[in-house]
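Below is one structure, written out as structure tokens; comments come after it.
Just so it is clear: chains get the letters A, B, ... in the order the sequence lines come, proteins before strands, and each one is counted from 1. Since this is a predicted model, take the numbers as computed values, not measurements.
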Amino acid sequence: MDYNFQEIEQKWQSEWERQGAYHVSNKSDKKPFYVLDMFPYPSGAGLHVGHPLGYIASDIYSRYKRLCGFNVLHPMGFDSYGLPAEQYAIQTGTHPEETTMKNIARYVEQLKKIGFCYDWDREVKTCDPSFYKWTQWAFRLMFNSYYDTTLQKARPISELIQQWEETDPTWKTLSEKEQQERLMNYRIAYLSDTKVNWCPQLGTVLANDEVSEGLSVRGGFPVEQRVMRQWSLRVSAYAGRLLEGLDRIDWTDSLKDTQRNWIGRSEGAEMQFQIKGQDTPFTIFTTRADTVFGVTFMVLAPESEYVSRVVTDDHKEEVEAYLDRCKHRTERERISDRRVTGVFTGSYAINPLTNSEIPIYISDYVLSGYGTGAIMAVPAHDSRDYAFAKHFNLPIIPLIEGADVSESSFDAKEGIMMNSGFLNGLEVKDAIAKMKEYITNTGIGRVKVNYRLRDAIFSRQRYWGEPFPIYYKDGMPYVVDEKDLPLTLPEVSDFKPTEDGRPPLGNAKDWTYNGYPLELCTMPGFAGSSAYYLRYMDNHNEKALVDKEVNAYWRQVNLYIGGTEHATGHLIYSRFWNKFLYDMGYICEDEPFQKLINQGMIQGRSNFVYRYIGEGATGNLYISYNLINNPEYKDKVQPIHVNVNIVKNDILDIQAFRNWMPEYKNAEFVYADGTTDQDNPYLGTPAEKQYICGWAIEKMSKSMFNVVNPDDVVEQFGADTLRLYEMFLGPLEMSKPWDTNGIDGVHRFLRKYWNMHENVTDEVPTREELKSLHKLIKKVTWDIENFSFNTSIPAFMIAANELGKCSKKAILEQFAILLAPYAPHIAEEAWHRCGNNTLVIDATWPECDESYLVEDSVKYPVQFNGKVKFTIELPKTASKEEIEAAVMNDDQTKKQLNGVTPKKVIVVPGRIINFVV
RNA sequence: GCGGCAUUGGCGGAAUUGGUAGACGCGCUAGACUUAGGAUCUAGUUCUUCCAGAGUGAAGGUUCGAGUCCUUUAUGCCGCACCA
């Protein structure tokens with residue numbers, strides 16, 4: 001009987017569904033284990049073979065854990081709010097919900113074909129009101145909370161109000177509006193005028209992680225800085241805990257480093273500088289407190305609130321011109337153009353240590369969002385200050401012995417201090433400490449830790465997102481009552497912004513709450529993805545995001561698999577969101593994802609044909625890749641992308657190519673052997689004529705015709721082959737090109753495995769067969785536990801080869817269990833053919849009996865001074881001493897030693913014997 | 001500039017704790033069966049001057065022993081970046 005994968009896969013997929021085999025209960029005596037994939041955004045293009053890579057890995061792990069007796073939660077859902085559906089809606093008028101639902105249906109269909117063990121009963125969609133009710137609920141909670149810096153955790157804002165009522169006499173004198181304004185400075189979700197990344201083409205603001213090099217990550221449109229009234233989440237309050245929490249979770253070093261970089265902790269000091277002729281000083285942040293004696297000027301960010309205080313009348317015009325220029329520069333211009341610019345304010349500050357007067361400048365190399373937006377400039381020891389000083393001819397005072405500052409600054413934090421009063425003679429490290437002590441004691445400043453991490457801007461001027469549960473009264477925001485959640489997304493007459501420039505929700509009829517206008521912005525993409533893993537635990541619960549008992553059972557995601565592209569977005573936001581809910585007592589773990597694995601990207605492997613464009617070219621002749629460097633064709637061919645689906649092992653399917661597009665209908669070829677269609681008298685193309693295509697590794701994209709659809713692979717080879725092959729491609733974490741050239745090998749193995757089940761017998765296995773089996777058990781168990789899935793496939797192949805035509809039930813049953821996580825359909829059928837009426841996925845993972853792996857004897861290579869001279873066969877069980885004695889009495893050894901006593905004899909049991917003479 | 005990761009045959013990649021480098025697959029070569037092969041099976045396939053030696057980007061070091069550990073360096077990929 002042939003291996004009919006289509007029949008087998010269909011049969012078991014419907015059987016699993018019929019039995020509800022993957023339904024997971026929240027009540028079980030079994031130990032819980034939670035395996036999660038990063039849920040996808042359902043794009044219109046459907047899944048390509050890159051998407052399932054991580055899903056296959058997590059599926060293998062889930063199935064393995066289940067076979068090991070765990071109650072495994074393995075859900076799937078859809079991150080279904082987002083820009084593409086909305087852009088499509090603006091272009092075509094199709095409601096984003098319609099597009100999204102259609103795409104989701106397609107995704108589900110594609111995913112089901114691959115045979116994942118998802119509990120589809122737990123599916124969530126972020127655009128579903130029953131889901132976003134809890135996104136809104138969490139936002140509401142953040143609005144009603146503040147971060148207590150003493151306790152280092154979020155608390156209800158009512159506690160802060162109570163505290164003020166008791167201790168702050170001014171609180172009661174404030175008007176309602178003033179009180180609300182003051183509270184806004186403390187709320188975790190707060191409204192403020194902030195400098196935001198505004199993207200005119202997208203018509204919305206973007207968070208920092210949604211902008212890269214001055215362009216929007218989605219679409220690549222220019223982004224400019226603008227001050228707008230926006231909702232933000234006080235993520236920065238959690239910076240310290242987000243950093244510290246990394247030490248307690250099992251993520252890769254590179255990902256942790258990416259997050260550490262993004263959080264950007266830096267230890268330094270805040271110092272106050274008096275302004276000449278003014279009473280109130282201004283504050284700067286520095287990590288180089290040791291260099292105060294070298295400060296020769298000060299610089300403020302253009303947006304700094306200090307600017308208006310220090311500009312003198314005679315410099316006003318100049319400064320305003322400069323500020324105006326800065327305002328109109330886009331982020332991209334600012335990054336690409338690094339020429340020194342700046343303007344003098346007319347004011348002077350007083351150096352608190354030297355008492356000298358130093359000029360105050362404004363320059364956009366100082367960022368308003370970091371530290372205090374003001375710096376003390378030490379040109380001798382900071383390259384940016386140095387460039388500025390050179391440009392404006394400001395003095396440069398070297399502070400470190402031997403530092404040459406004639407050409408460039410000396411930025412290294414090492415050396416002996418000089419020109420620095422009481423710091424002279426100290427090492428930089430000690431000087432920093434001493435200066436910190438000095439400024440603390442004298443009250444000039446204080447030790448301070450700064451973070452690069454900013455608050456997350458949370459408003460989007462878009463339609464297709466979660467509405468804010470916020471309404472406005474007297475211009476102040478108030479939250480919608482909890483009982484009125486979810487606040488459902490209204491229908492609009494137009495998905496574009498209103499004519500007067502308000503967000504699309506301005507087009508909704510009656511968008512009010514108890515007569516008050518509701519917020520017109522919607523939440524960003526990361527809102528819905530920040531707590532979805534909690535919702536999977538208890539997705540039908542209407543009373544809570546997740547029931548406390550249910551949460552106490554599952555606790556947290558034990559294994560999370562997804563791409564690195566979420567390192568500074570989703571993976572920061574959901575950690576923040578989780579910590580907040582933890583602080584407020586709704587969940588029991590403060591980190592959401594215990595172990596995280598990043599799967600690599602699958603790149604496309606494009607194929608090319610080479611059109612002849614040399615002399616006498618008809619534009620219709622294509623040269624085989626192996627010939628393009630021949631003198632007659634060199635530099636006379638033009639590579640053209642060809643659909644990879646009509647190329648196999650780099651050999652072009654000639655007929656398919658001619659049918660592919662009208663322009664190739666009459667294509668002629670120079671084949672690999674140099675012959676042409678003219679040399680060939682037959683109609684069509686004989687089999688021995690091969691046209692070889694060139695190839696390149698590129699991003700998988702429609703325009704390069706290198707997109708491979710998993711459905712096609714499933715159709716041609718089956719889901720089990722797809723699953724095995726994706727794992728076989730290489731280590732999970734590594735990026736690798738999709739290359740179908742090797743898929744036959746994997747498919748051949750499954751066929752061979754299949755043929756082992758022709759006549760299953762009850763015969764007792766031999767020791768050799770058991771040895772092969774237990775070797776396999778050991779290997780596969782180790783591989784899965786260490787996420788080394790790629791190395792299991794060779795182990796299966798070797799075992800199948802060693803077992804040959806063995807069709808003994810005792811062996812085949814165990815083999816099926818081992819294979820079940822990787823290739824569940826064929827394993828299920830094999831299990832069935834061994835006479836079982838249960839499901840293989842409910843079997844018990846076999847244990848390795850090491851006694852089968854012990855060899856009776858083993859050949860030890862005997863080395864002299866590291867060179868192998870001969871081998872000696874000894875019992876495997878021999879002790880170190882016995883081996884040594886046996887070798888010393890061996891004739892060959894005696895001959896080799898020739899009466900010399902060895903300096904050293906090294907015996908590693910089971911390995912090598914080494915003499916040093 | 002700072003930080004992280006990688007580099008092994010013609011190709012993808014094995015080598016799990018420092019212990020016989022190149023597993024397994026692709027490709028290639030030869031043979032078998034076949035009207036035929038883009039099917040199947042068998043054997044071979046790191047390199048060289050094939051006796052034997054060399055060999056894991058390069059150069060050193062530690063060790064009886066290094067792809068694996070240390071130092072320096074080259075190349076490639078990724079993250080952050082006028083962050084004071």
Side-chain angles (χ1 to χ4, degrees), chain A residues 212-213 252-266 268 284-288 291 299 301 334-335 338 340 363-367 369-378 381-385 387-388 411 450-454 564-565 567-568 598 600-601 648-651 653 687-688 690 695 724-725 728-731 733-737 739-746 748-749 751-752 778-779 782-783 785-786 788 790-798 801 859-861 863-868 871 902-917:
Chain A
S212 175
E213 301 191 356
T252 59
D253 287 339
S254 78
L255 191 66
K256 284 187 187 180
D257 274 323
T258 300
Q259 289 214 342
R260 285 191 188 110
N261 254 329
W262 187 258
I263 296 167
R265 181 181 201 270
S266 84
I284 59 95
F285 175 76
T286 182
T287 54
R288 292 296 299 273
T291 58
V299 188
R334 201 181 65 80
I335 290 165
R338 294 210 172 166
V340 176
S363 174
D364 65 359
Y365 83 85
V366 175
L367 307 175
Y370 186 77
T372 61
I375 61 152
M376 61 177 213
V378 186
H381 302 291
D382 183 288
S383 49
R384 297 152 304 183
D385 297 345
F388 195 87
D411 290 12
N450 238 323
Y451 295 96
R452 203 187 70 93
L453 184 72
R454 314 282 168 83
T564 32
E565 66 271 23
T568 53
N598 288 120
M601 292 252 269
K648 201 187 171 197
N649 291 1
D650 291 333
I651 310 291
D653 182 332
E688 67 269 22
Q690 293 189 335
W695 58 274
L724 281 181
Y725 188 58
F728 182 67
L729 274 176
E733 292 95 330
M734 225 183 245
S735 281
K736 55 234 159 187
D739 178 354
T740 336
N741 287 350
I743 200 164
D744 290 320
V746 171
R748 254 197 294 275
F749 154 70
R751 238 177 6 223
K752 192 182 278 180
K778 191 177 179 182
K779 172 75 179 151
W782 191 93
D783 281 347
E785 274 173 1
N786 292 280
S788 177
N790 57 320
T791 55
S792 278
I793 287 100
F796 283 124
M797 292 174 175
I798 293 166
N801 276 335
K859 274 188 181 171
Y860 291 84
Q863 304 182 355
F864 285 82
N865 289 340
K867 301 258 160 95
V868 180
T871 58
K903 250 196 289 187
K904 213 171 177 184
V905 183
I906 298 132
V907 177
V908 184
R911 299 217 175 105
I912 279 169
I913 303 153
N914 202 335
F915 284 83
V916 183
V917 288

_Does this structure show an ion pair linking A:R260 with A:D257, if we count only N-O contacts that are shorter than 4.0 Å?_
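Yes.
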*For B:C47, does the O4'-C1'-N9-C4 (purine) or O4'-C1'-N1-C2 (pyrimidine) torsion place it in syn, i.e. within 90° of 0, or in anti?*
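Anti, since the glycosidic angle lies more than 90° from 0.
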*In terms of base orientation, is B:G38 syn or anti, with the syn window spanning 90° either side of 0?*
anti
*Should A:S383 and A:D385 count as side-chain neighbours, where that means a heavy-atom distance under 4.5 Å?*
no
_Heavy-atom side-chain proximity of A:M734 to A:L729 below 4.5 angstrom_ =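 No - every pair of side-chain heavy atoms lies 4.5 Å or more apart.
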Would you indicate what [X] reaches in the nucleic acid, counting non-hydrogen atoms under 4.0 angstrom: base, sugar-phosphate, or nothing?
X: A:N786; answer: nothing
X: A:I798; answer: sugar-phosphate
X: A:D253; answer: nothing
X: A:T252; answer: nothing

May I ask which nucleotide in the shown strands pairs with [N], Watson-Crick or G-U wobble, both distances under 3.5 Å?
N: B:A23; answer: none
N: B:G9; answer: none
N: B:C41; answer: B:G31
N: B:C80; answer: B:G1
N: B:U73; answer: B:G57

Span that lies between the [atom1] atom of [M] and that of [N], in whole angstrom:
N: B:G60; M: B:A74; atom1: C1'; value: 15 Å
N: B:A6; M: B:C82; atom1: P; value: 28 Å
N: B:G55; M: B:G67; atom1: C1'; value: 11 Å
N: B:A59; M: B:U68; atom1: P; value: 13 Å
N: B:C70; M: B:G18; atom1: P; value: 11 Å
N: B:G37; M: B:A15; atom1: C1'; value: 37 Å
N: B:C41; M: B:U56; atom1: C1'; value: 34 Å
N: B:G65; M: B:C28; atom1: C1'; value: 36 Å

*Among all residues two or more places apart in sequence or in another chain, which pass the ring-ring contact (aromatic ring centres under 6.0 Å, His included) test with A:Y365?*
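Counting only residues at least two positions away or on another chain, A:Y365 forms a ring-ring contact (aromatic ring centres under 6.0 Å, His included) with A:F388.
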If only side-chain N and O atoms of [X] are considered, is one of them under 4.0 Å from the OP1 or OP2 phosphate oxygen of [N]?
X: A:R748; N: B:U40; answer: yes
X: A:S254; N: B:C78; answer: no
X: A:R452; N: B:A81; answer: yes

Whole angstrom is fine here: how far is it from [atom1] in [X] over to [atom2] in [N]?
X: A:D744; N: B:G25; atom1: CG; atom2: P; value: 13 Å
X: A:I263; N: B:G3; atom1: CD1; atom2: P; value: 18 Å
X: A:R288; N: B:C82; atom1: CZ; atom2: C1'; value: 17 Å
X: A:W262; N: B:C78; atom1: CH2; atom2: P; value: 17 Å
X: A:N450; N: B:A84; atom1: CG; atom2: C1'; value: 10 Å
X: A:L367; N: B:A84; atom1: CG; atom2: P; value: 10 Å
X: A:D257; N: B:G4; atom1: CG; atom2: C1'; value: 6 Å
X: A:Y365; N: B:A84; atom1: OH; atom2: C1'; value: 8 Å

*For A:N741 and for A:F285, find the nucleotide of RNA chain B with the closest heavy atom, then tell me which residue's nucleotide is more 5'.*
A:N741
_Between A:V366 and A:R751, which residue's closest nucleotide on RNA chain B lies nearer the 5′ terminus?_
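The residue closer to the strand's 5' end, by nearest nucleotide, is A:R751.
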*Between A:K736 (side chain) and A:P731 (backbone), is there a donor-acceptor pair under 3.5 Å?*
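Answer holds: yes.
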Shortest non-hydrogen contact between [X] and [Y], atoms and distance:
X: A:M376; Y: A:I284; result: CG-CD1, 3.8 Å
X: A:D364; Y: A:L367; result: O-CD2, 4.4 Å
X: A:G730; Y: A:N790; result: O-CB, 3.5 Å

*asked:* Measuring from atom OH of A:Y725 to atom CG of A:D739, what distance do you get when rounded to the nearest 0.5 angstrom?
replied: 5.0 Å
*How many angstroms lie between OG1 in A:T564 and CG in A:N598, if you round to the nearest 0.5 Å?*
5.0 Å
What protein N or O atoms touch nucleotides 10-14 of chain B N or O atoms at under 3.5 angstrom, if any, and at what distances?
unit_1: B:G12; atom_1: O2'; unit_2: A:L729; atom_2: O; d: 3.0
unit_1: B:A14; atom_1: OP1; unit_2: A:N790; atom_2: ND2; d: 3.0

*Considering only B:C82, B:C80, B:C24, which nucleotide approaches the side chain of A:P794 most closely?*
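Minimum distance to the A:P794 side chain belongs to B:C24.
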